[in-house]
Amino acid sequence: MPLILFAVPALWPEYRDALPAAIAEAGIDARIVTEADPAEVDYIVYAPASPLQDFTPYTRAKAVLNLWAGVEKIVGNPTLTQPLTRMVDPGLTEGMVEWVVGHTLRHHLGMDRHIVNPGHAWDPTCPPLARERPVTILGMGALGSACAEALRRLNFPVTGWSRTEKPGQLQGDHGLRAALSTAQVLITLLPKTPETENLLNKGTLAHLPRGAVILNPGRGALIDDDALMDALNSGQIGHATLDVFRVEPLPQDHPYWTHSRVTVTPHIAADTRALTSSRVIAENIRRGEAGEPFLHRVDRARGY
Ligand code: NAP
């Protein structure tokens, strides 16, 4: 009977019912514990906020199953030799789609003008149709492609940019330039890796159409903050809605808090949901026990 260590004590109350139920539903007879002799553990359910940072004594563990989609805080851990999986959770994806569609529509429809209108201005200018508002998504993985699908259903023309060649998507520096050049709304859903850090910088921000809106629910490090502040101040960027930051919580004295064309949301774009993510964890344990390849295995060399 496999022994599963749930190594994130702070999250246990959320998973106490959901995880055992999902494990049983997957037909696995397993024991789930929150503390164990490392040498006896078969699977580790994990998040980088866990007190567990040294994987060396977990000599028997077949996998470390991360509860978060982003793995930048664990992928480089030198003690981690076991296979690492990241979270692709239908509940998390649903939340991200809602956040991205909601914030895209806010800017597309110019909602702020009518929500805050102290002078009672009567400006009957109608917004364009979605089909006239090109959107670009950098990162067309689990989350980016779900957001693209939802935005396309509303008729937004969506351009996607990713690392590996895929039909209908752009890649590389040339592709990035093309993807940025049309983007009235730019959405960044890339992982943080050495290749993506500061991808949005003085040079790349200049390729966007003047007044473009940026939504960043990916990672703070994707953006060079000073370059973004300059681009906001010059009008090159019309608005930035930022959910993620290099330092979280965003320090009280950070200029993003007070900039009139920046919206800060406190890393709430999408959360892993216990009910749906437990099923993903259970499926991976079933696979591990059956000797099948794990779902969503992280490629350490690539960093995501
Ligand atoms: P994913 O499925 O791994 O997708 C990542 C995408 O980024 C893929 O399309 C990948 O290209 C592309 N990519 C990676 N490196 C690249 C590079 N150097 N150049 C171009 N494209 C590159 O990840 P996901 O599940 O969609 O999640 C994306 C990120 O969202 C996570 O890493 C995390 O940082 C963030 N996130 C934020 C929240 C929040 O609440 N704000 C919640 C969850 C996740 P390929 O398709 O070619 O591999």
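Atoms within a ligand are numbered from 1 in the order they appear, just like the ligands themselves. These numbers come from the heavy atoms of this one structure, side chains and all, not from hydrogens, waters or symmetry mates. Keep in mind it's a predicted model, so treat the numbers as computed, not measured.
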Just heavy atoms, cut-off under 4.0 Å: does [X] contact ligand 1 by side chain, backbone, both, or neither?
X	answer
K192	neither
R86	side chain
K166	side chain
V88	neither

query: Would R153 and E149 satisfy salt bridge (charged side-chain N to carboxylate O under 4.0 Å, His left out), going step by step from the backbone distance to the final call?
result: CA-CA 6 Å; R153 256 188 261 125; E149 196 186 318; 3.1 Å; yes
Ignoring hydrogens and angles, state whether a donor on the side chain of [X] or [Y] is under 3.5 Å from an acceptor on the partner side chain.
X	Y	answer
Q171	S162	yes
T241	H107	yes
T263	R106	yes

Is [X] atom [atom1] crowded by more than 12 heavy atoms from other residues, nucleotides or ligands, each under 6.0 Å away?
X	atom1	value
D123	CG	yes
R31	CZ	no
K192	NZ	no
K73	NZ	no

Considering only protein heavy atoms, which is closest to [atom], and at what distance to one decimal place?
atom	result
atom 8 (C) of ligand 1	G141 N, 3.6 Å
atom 15 (N) of ligand 1	Y304 CE2, 3.7 Å
atom 35 (C) of ligand 1	G218 O, 3.4 Å
atom 27 (O) of ligand 1	L143 CD1, 3.4 Å
atom 12 (C) of ligand 1	L190 CD2, 3.8 Å
atom 38 (C) of ligand 1	M96 CE, 3.5 Å
atom 42 (C) of ligand 1	A270 O, 3.4 Å
atom 11 (O) of ligand 1	R163 N, 3.2 Å

Heavy-atom contact check, 4.0 Å cutoff: does [X] meet ligand 1?
X	result
E72	no
T196	yes
W161	yes

query: Of S162, P191, S145, C147, which has the heavy atom at the shortest distance from atom 7 (O) of ligand 1?
result: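 Looking at heavy atoms only, P191 sits closest to atom 7 (O) of ligand 1.
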Got [X] and [Y] here, is their nearest side-chain heavy-atom distance under 4.5 Å?
X	Y	value
L52	I44	yes
Y15	L67	yes
Y43	E289	yes
N66	M87	no

Ligand 1 to [X] polar contact by distance, N or O atoms, under 3.5 Å:
X	result
G70	no
T164	yes
D243	yes
A142	yes
P217	yes
M87	no

field: Numbering as shown, the atoms of ligand 1 that approach H267 to under 4.0 Å (heavy-atom distance)
entry: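 Per the distance check, 39 (C), 40 (O), 41 (N).
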message: Please verify the inter-ring angle class for F156 with H108; under 30° counts as parallel, over 60° as perpendicular, anything in between as tilted.
response: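 Geometry flag for H108 against F156: perpendicular rings.
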